[in-house]
There are 2 protein chains.
Amino acid sequence: MLLNKNINPLKQHVDTTTEQVILEAAENLFLERGFALTSTTEIARIVGCNQALVHYYYRTKDQLFDAVFEKNAGKFVSSFLQPVEENISFEEKVRKKIETQYDILKANPRLPFLFFNELNTNPGRLKLLKEKTGDLPGLLFSAMESEIRTEIEKGTIRPMTAMDLMLTIFSLNIALFLASPVLKAITGMTEAEFQNLIEGRKRENVTIILKSLRP
Amino acid sequence: MLLNKNINPLKQHVDTTTEQVILEAAENLFLERGFALTSTTEIARIVGCNQALVHYYYRTKDQLFDAVFEKNAGKFVSSFLQPVEENISFEEKVRKKIETQYDILKANPRLPFLFFNELNTNPGRLKLLKEKTGDLPGLLFSAMESEIRTEIEKGTIRPMTAMDLMLTIFSLNIALFLASPVLKAITGMTEAEFQNLIEGRKRENVTIILKSLRP
DNA sequence: TGTATAATTAATTATGTTATTAAATAAAAA
DNA sequence: TTTTTATTTAATAACATAATTAATTATACA
């Protein structure tokens, strides 16, 4: 990479290419403001390069966003599809599922915003997502469905559907991250206090869900 | 109102002013796509009027959005602040709180999207919100806090904070509405099936939360 | 009816944005 | 070193959008 003028010196590991630097800057901005409110001009400004260079590497803003979205949507979707060990109790499986997803979100707190913002505003992206995930969700779903049925018959959990359980896990896990700017603003929490809240909320989500399973 | 050309004849109740029609069209678009992806030109196109007319009534796109956001954020915030009767059990109060909020969201399913999209992308709006709500959230909060403490001391519920309970209610209630486009797309549900899901989810949320309160 | 006022439009300005092109510069290869 | 290729920039085209202005049309009212 030739570019080395206005760049934060800390970021100058020898083998970051300009292409990567652009992608990272784009990722940060897209995660912060979404597609519509991010311009290729601003990406270039942050990278410290000419705006045409952004297009040189990624041709269009759409393709650049695609690269960012693909990568991040992948993380998000995988947070649902992450398999859990087989030889543990149902309760332990559920706990693991919640915690795994929560950890991924904690490490990528803007994921829910990017994901829902884009999929609520761009119908084309929804189609792509469906094509990409294929029938994986369906398979995962019926696997969970049968497992739940077994537990219900054993009397270890109350009657419910796989959809119920999935939605519950998902709802409790994502909402905090979506609401974090609002929450910080109206409560006036410090960043440390908020990190504390995030930490505690993981256990709380597990508690709530495991209790809610009981017959 | 003079304007009556391209307008859907069903919408021609005698006393809708052009100003109102513009506001309604704007509301629909802002709820559907958010601020950035909505143009005053498109609002005008839908109303069937000249684009300058939108500015004639509302001066700027910002002011028009303000009008829409104010109204809708009000609904959303009130879904939290809705008071409940005093002479019922704690459990009944919680149930009522969940259901009241859920009903408001069910009647205004795009509220969470508008609210979070805007507040995640526009820091200025966060400040306004904080100023507007003032210390109402704090008051409500400490009221709930003391009520919860009482219940914990009585041994009727497990230890938890008001923040915990609020976040749980809120998380379970909003997530379904935020996720609805994604959910519909990847499951391929019909609208009827989805309405059914929404219906059942209200009771489910109550069940989950009430169970999760138990010591 | 005629006049003042309100509502509406056509035309235009100003601005920002994406995308392209041609030229300049740096790196790699010969 | 020279030549070729890759990277980067300056300039600008093409377009959309928000906002303004002056002119036109409709409404109210004297």
Side-chain angles (χ1 to χ4, degrees), chain A residues 1-8 11-30 32-69 118 121-122 124-125, chain B residues 1-7 11-27 29-30 32-69 118 121-122 124-125:
Chain A
M1 113 157 164
L2 312 175
L3 233 174
N4 65 345
K5 312 171 198 174
N6 313 352
I7 296 179
N8 179 348
K11 266 214 167 175
Q12 284 185 0
H13 345 87
V14 224
D15 54 352
T16 42
T17 71
T18 305
E19 192 173 356
Q20 281 174 262
V21 175
I22 290 173
L23 189 68
E24 279 166 33
E27 184 169 32
N28 289 335
L29 285 173
F30 284 138
E32 222 42 57
R33 307 150 159 284
F35 179 82
L37 291 171
T38 301
S39 70
T40 55
T41 311
E42 201 183 357
I43 294 170
R45 217 203 62 235
I46 285 183
V47 173
C49 73
N50 191 284
Q51 177 254 355
L53 201 57
V54 177
H55 290 271
Y56 171 74
Y57 283 113
Y58 295 94
R59 292 203 65 80
T60 68
K61 183 185 168 187
D62 271 284
Q63 283 184 48
L64 176 52
F65 185 79
D66 283 349
V68 171
F69 189 79
E118 182 61 14
T121 54
N122 184 346
R125 186 80 55 186
Chain B
M1 114 155 163
L2 312 174
L3 236 172
N4 64 345
K5 312 170 199 174
N6 314 351
I7 296 180
K11 265 215 166 175
Q12 285 185 4
H13 348 87
V14 224
D15 54 353
T16 41
T17 70
T18 305
E19 192 173 355
Q20 281 174 264
V21 175
I22 290 173
L23 189 68
E24 279 165 33
E27 184 169 31
L29 285 173
F30 284 139
E32 222 43 55
R33 306 150 158 284
F35 180 82
L37 291 171
T38 301
S39 70
T40 54
T41 310
E42 201 183 357
I43 294 169
R45 217 202 62 236
I46 284 183
V47 172
C49 71
N50 191 284
Q51 176 253 358
L53 201 56
V54 177
H55 289 271
Y56 172 74
Y57 283 113
Y58 295 93
R59 291 204 65 80
T60 68
K61 185 186 169 188
D62 271 283
Q63 282 184 48
L64 176 53
F65 184 79
D66 283 348
V68 170
F69 188 79
E118 181 62 14
T121 54
N122 183 347
R125 186 79 56 186

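In what follows, chains are A, B, ... by sequence order, proteins preceding strands, each numbered from 1. No hydrogens, no waters, no symmetry mates; every other heavy atom, side chains included, goes into these values.
- If you check C:dA19, D:dT8, D:dT20 against the side chain of A:Y57, the one that comes closest is D:dT8.
- In this structure, CZ of A:R59 is placed 12 Å from C1' of C:dT18, rounded to the nearest angstrom.
- Nearest to the side-chain atoms of B:K61 among the listed nucleotides D:dA19, C:dT18, C:dT9 stands D:dA19.
- Atom CG of A:L37 and atom C1' of C:dT18 are 16 Å apart (whole Å).
- With distances taken from any side-chain atom of B:L53 to the nucleotides D:dT9, D:dT20, C:dA7, the minimum falls on C:dA7.
- Listed pair B:Y56 / C:dA7 meets the phosphate criterion, a side-chain N or O lying under 4.0 Å from OP1 or OP2.
- Residue A:T18 has no polar side-chain atom (N or O) positioned under 4.0 Å from OP1 or OP2 of D:dT7.
- At whole-Å resolution of the value, OH in A:Y58 and P in C:dT18 are 16 Å apart.
- For the pair B:Q63 CD and D:dA18 C1', the interatomic distance rounds to 13 Å; values are reported in whole Å.
- Nearest to the side chain of B:T40, among C:dT9, C:dT21, D:dA18, sits D:dA18.
- Distance A:I43 CD1 to C:dT18 P: 8 Å, rounded to the nearest Å.
- Contact annotation: A:T41 side-chain N/O to C:dT18 OP1/OP2 distance is under 4.0 Å.
- Side-chain N or O atoms of B:Q63 include none that pairs as donor or acceptor with a backbone N or O of B:T60 at under 3.5 Å.
- The CD-P distance, from B:Q51 to D:dT21, rounds to 14 Å in whole Å.
- Taking atom CG on A:D62 and atom P on C:dA19, their separation rounds to 7 Å, with Å as the unit.
- At least one side-chain nitrogen or oxygen of A:H55 sits closer than 4.0 Å to the OP1 or OP2 atom of C:dA19.
- Using a distance-only test at 3.5 Å, with no hydrogens or angles considered, no donor-acceptor pair links the side chain of A:K61 to the main chain of A:V54.
- Comparing atom distances between the A:C49 side chain and each of D:dA19, C:dT18, D:dT9 picks out D:dT9 as nearest.
- Note that CZ of B:R45 and OG1 of B:T40 are 12.0 Å apart. Values are rounded to the nearest 0.5 Å.
- Using cut-offs of 30° and 60° on the angle between ring planes, the pair B:F65 and B:F30 is perpendicular.
- Once rounded to the nearest 0.5 Å, the distance linking CD1 of B:I43 with CG of B:L23 reads 9.5 Å.
- The interatomic distance linking A:E19 (CD) with D:dT7 (P) rounds to 8 Å, in whole Å.
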